[in-house]
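What follows is a short report on a single structure.
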Amino acid sequence: MKALVYEGPRNVVVKDMPDARIEQPTDVLVKITTTNICGSDLHMYEGRTNMETGRILGHENLGVVVEVGPAVVHVKVGDRVCLPFNIGCGFCKNCEKGLTGFCLTANPGMAGAAYGFAGMGPYSGGQAEYLRVPFGDFNCLLLPPDAQEKENDYVMLSDIFPTGYHAAVLAGVEAGDSVVIYGAGPVGLMATIAADLKGASKVMVVDSHPDRLRLAEKLGAIPVDDSDGGAVDRVLELTGGEGADRGCECVGYQCTCQGHEVPNLTMNNLVKSVRATGGIGVVGVFVAEDPGSPDELMKKGQLAFDFGTFWMKGQHMATGQANVKAYNRKLRDLIAADKVKPSRIISHELPLEQAPEGYRNFDERKEGWTKVVLKTAA
Ligand code: NAD
Ligand code: ZN
């Protein structure tokens, strides 16, 4: 099968790889029809993780079931399914509680498994013609009859839509809250939609890319341009000097200030721009070590975090990978009911063969390259 393979920093190629196949009785084999490039892929693409060369990337996957293992009872050949990026077993202590981002079975010795992801188990990604889905009955989200017509909406259920929603949940967004979101990438834009769904009275989105800020504005948010580093002051102005009720981190450890990486920037800006006793949800990725970081602390996975101010303000924070399965069913139903349209943020639809071009442009955050979806030949 054709697949997108990581061959080293900023070097990905589409080439022939051994076909994905059923390996366990509980597996499902999916023919991928749409698969996205994610901001998380970029940390790997740039060589800023311990991703092994030769592996297939891609964790935002949707397709058609072509084969099921003998122990699969619910999912059937021909079903159109969207796959959560995290792989859960369904029966461990965390999965039972809906915390499928921290499955204790799928990646022994670590909490959390995913397709084509550094440090999250041996599973191949879905930027390929076929994908092996472990624990298929648990992990396949069945799609409604309009699956093909709304494929570009439903594929967002694999990761960024639930992840944006998770950011709002972790921050504790409730009806009437003001919310500041750092990052107007795909995840920040989905957090914008999520804050809206939860009834936020005011959503402010911080970034320095004008095209992305325009998209945030189209989604109903107040764009806050941080190209002069003045975002915190503007958020304080917009909230009567108090700060926002809730804050979402949708950037991660490679956040920048005027083009330079400053890994503690968004976290400390959140402490400053969220009010006393407010909540902060962090879904942007931070890593346990980053030898390639220009920052001495970050090399060891540490941040110079304004803990004193955070404590004095009595704020609370929650973090981590999104438990996609905790939300994807309900968010699917909102798409089916035409209440939300996450495909609005897609900027480019490319054939899988052109994935390297998609990676290059998305990685450069080139004007207009917000979200790339890849299509495999029918
Ligand atoms: P992205 O890299 O396209 O978006 C990040 C945005 O943040 C960019 O638009 C960038 O300009 C902006 N940014 C950079 N520095 C900033 C700063 N100091 N202040 C405000 N904005 C700043 O990627 P994405 O797909 O939107 O992903 C965002 C993060 O979410 C990544 O770290 C990704 O790995 C992570 N992620 C986490 C989960 C999860 O489950 N927790 C899932 C998907 C993605
Ligand atoms: Zn992703």
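Counting starts at 1 for both ligands and their atoms, following the listed order. Everything quoted here is computed from the prediction, not taken from an experiment.
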- Of the options Gln127, Glu46, Gln354, which is the one that meets Tyr359 in a side chain to side chain contact (heavy atoms under 4.5 Å, CB included)?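 That would be Gln127; it is the only one of Gln127, Glu46, Gln354 passing the side chain to side chain contact (heavy atoms under 4.5 Å, CB included) with Tyr359.
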Taking the side chain from [X] and the backbone from [Y], do they hold a donor-acceptor pair closer than 3.5 Å?
X	Y	answer
Asp137	Val73	yes
Asp79	Lys76	yes
Asn86	Ala322	yes

- Heteroatom count (protein N, O or S) under 2.8 Å of the Zn ion (ligand 2):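 Atoms of protein N, O or S type lying less than 2.8 Å from the Zn ion (ligand 2) total 4.
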- Task: Collect the protein residues that have a non-hydrogen atom under 4.0 Å from ligand 1 and hand them over in chain and number order.
- Result: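 Under the 4.0 Å cut-off, ligand 1 touches Cys38, Gly39, Ser40, His43, Phe85, Asp159, Thr163, Tyr182, Gly183, Gly185, Pro186, Val187, Val206, Asp207, His209, Arg212, Cys250, Val251, Gly252, Cys255, Thr256, Leu265, Thr266, Val283, Gly284, Val285, Gly320, Gln321, Ala322, Phe362, Arg365.
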- Message: Determine whether the aromatic ring centres of residues Phe362 and His348 are separated by less than 6.0 angstrom.
- Response: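 When the ring centroids of His348 and Phe362 are compared, they turn out to be at least 6.0 Å apart.
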How about [X] and [Y]: does a side-chain donor come under 3.5 Å of a side-chain acceptor?
X	Y	result
Thr163	Asp159	yes
Thr100	Asn323	no
Asp245	Ser178	yes
Tyr253	Ser293	no

